[in-house]
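Input: a single structure, listed below in structure tokens.
Within every chain, numbering begins at 1; the chains are lettered A, B, ... in the order of the sequence lines, protein sequences first and strands thereafter. The shown structure was predicted, so the numbers you read here are calculated from the model rather than taken from an experiment.
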2 protein chains.
Amino acid sequence: MLSKKTKYGIKALTFLAKQENKSPVQIATISKSENISLKFLESILLTLRKNGFLGSKKGKGGGYYLLKEPKDIKMTEIMRVLEGPIAMVPCVSLNFYEKCDDCPDENLCAIHSLMIEVRDSTLKIFRNTTLADLCKC
Amino acid sequence: MLSKKTKYGIKALTFLAKQENKSPVQIATISKSENISLKFLESILLTLRKNGFLGSKKGKGGGYYLLKEPKDIKMTEIMRVLEGPIAMVPCVSLNFYEKCDDCPDENLCAIHSLMIEVRDSTLKIFRNTTLADLCKC
DNA sequence: TGCATACTCTATTAAACTAATAGGGTAATA
DNA sequence: TATTACCCTATTAGTTTAATAGAGTATGCA
């Protein structure tokens, strides 16, 4: 299940991507437009800034702005920063691998290969989708 | 992220599917073999019984057994009973639909169509996988 | 310089969910 | 009739999520 953090983060990113000019947008503006708790959004935008998606400007006329072109921001990157692993189980995660406590041997686990299949099909979609694609509706 | 409930449930089902004969298997047997907390497994098997996957027999020589052939049990059914929705957001769920609080119009939501795409690709896999497929490793 | 603006950061909290545990109850069988 | 093994309810510890509060800091402009 997608967390609200991720959902709000994606909505904020698309909001910024839709801006005509590249001037900074205030948190409050996004918060109101997208119906997102201001303080919660604040922390989300902060992590997006710390992870190189957004730049920020303080003071009057300040706000957040995209650092890259929407077409150059892949969904895989966004998902991994906001949501974490894309895989349904840590033992098939590419970037957040963790061994299962209960499995003595992953290769004998019935779920393992199925979860790899699901991971790959989801990855395929996220790799082929950019922020620019999300703005086309 | 797949819950342990679902993971344990699938493991228990495959364990039962692997049995040569169809005689009942005790909870304790599955619990030990698969490293699952006995009491937790108990409640999982109970929901699987209530949802028509398993039959049970009380008293000496009792236990749980599959009601259908492994090849006739689809992953979609198992997932929906144990894990709930397959979709990442309730607003694109086929069986557990819920409207989003923050979206005034789903069709204008940037995430909506992407999540439908992910749901469909995952569904495709789960629909084409049965319990029998999980036992082949 | 001084003030308003708007991001920065830490801490806290309520609610929900997950995973596990405890313990008594009941049906079936030998 | 005693034993076995499922049945059911309640409770709890731990974790995560979502939101809130409030003080701090950098910036730009008059």
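The number of heavy-atom neighbours closer than 6.0 Å to NZ of B:Lys68, taken from other residues, nucleotides and ligands shown, is above 12.
Look at CD1 on B:Ile30: it is 13 Å from C1' on D:dA5, rounded to the nearest Å. The NZ-C1' distance, from A:Lys57 to D:dA26, rounds to 12 Å in whole Å. Remark: P of C:dA20 and NZ of B:Lys7 are 10 Å apart, rounded to the nearest angstrom. Between B:Leu38 atom CG and C:dT21 atom P the separation is 10 Å, expressed in whole Å. If you measure from atom CG of B:Leu46 to atom C1' of D:dT9, you get 11 Å, rounded to the nearest angstrom. When rounded to the nearest whole Å, the span between OH of A:Tyr64 and P of D:dT27 equals 14 Å. Taking atom NZ of B:Lys58 as the reference point, atom P of C:dA30 lies 16 Å away to the nearest angstrom. In this structure, B:Met1 places its CE atom 14 Å from C1' of D:dT17, rounding to the nearest Å.
Here B:Lys50 lies in heavy-atom contact (under 4.0 Å) with sugar-phosphate atoms only. Counting non-hydrogen atoms under 4.0 angstrom, B:Ile27 reaches the backbone sugars and phosphates but no base.
Comparing A:Lys39 and B:Arg49 against DNA chain D, the residue whose closest nucleotide sits nearer the 5' end is B:Arg49. DNA chain D is contacted by both B:Gly63 and A:Ser37; B:Gly63 maps to the nucleotide lying nearer its 5′ end (nearest heavy atom per residue).
OP1 or OP2 of C:dC17 has not a single side-chain nitrogen or oxygen of B:Ser3 nearer than 4.0 Å. Taking only side-chain nitrogens and oxygens, B:Ser56 never comes nearer than 4.0 Å to OP1 or OP2 of D:dA5. Side-chain N/O atoms of B:Ser43 include none lying less than 4.0 angstrom from OP1 or OP2 on D:dC8. Within the 4.0 Å cut-off from OP1 or OP2 of C:dA27, not a single side-chain nitrogen or oxygen of B:Lys60 is found. Between A:Tyr8 and D:dA18, a side-chain N or O to OP1/OP2 separation shorter than 4.0 Å is absent.
To the nearest 0.5 Å, atom OH of residue B:Tyr64 and atom CZ of residue B:Arg49 are 6.0 Å apart.
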Residues 30-42 of chain B side chain polar contacts: donor-acceptor under 3.5 Å, at least two apart:
| unit_1 | atom_1 | unit_2 | atom_2 | d |
| --- | --- | --- | --- | --- |
| B:Ser31 | OG | B:Ile36 | O | 2.7 |
| B:Asn35 | ND2 | A:Asp102 | O | 3.1 |
| B:Ser37 | OG | B:Phe40 | N | 3.3 |

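Ion pairing between a basic and an acidic side chain is recognised when a charged N comes within 4.0 Å of a carboxylate O; A:Lys124 and B:Glu117 show no such pairing.
Under the 3.5 Å distance criterion, the side-chain polar atoms of A:Thr129 are left unmatched by any main-chain donor or acceptor of A:Phe126.
For B:Glu42 and D:dC7, a side-chain-to-base donor-acceptor distance below 3.5 Å is present, hydrogens and geometry of angles not being considered.
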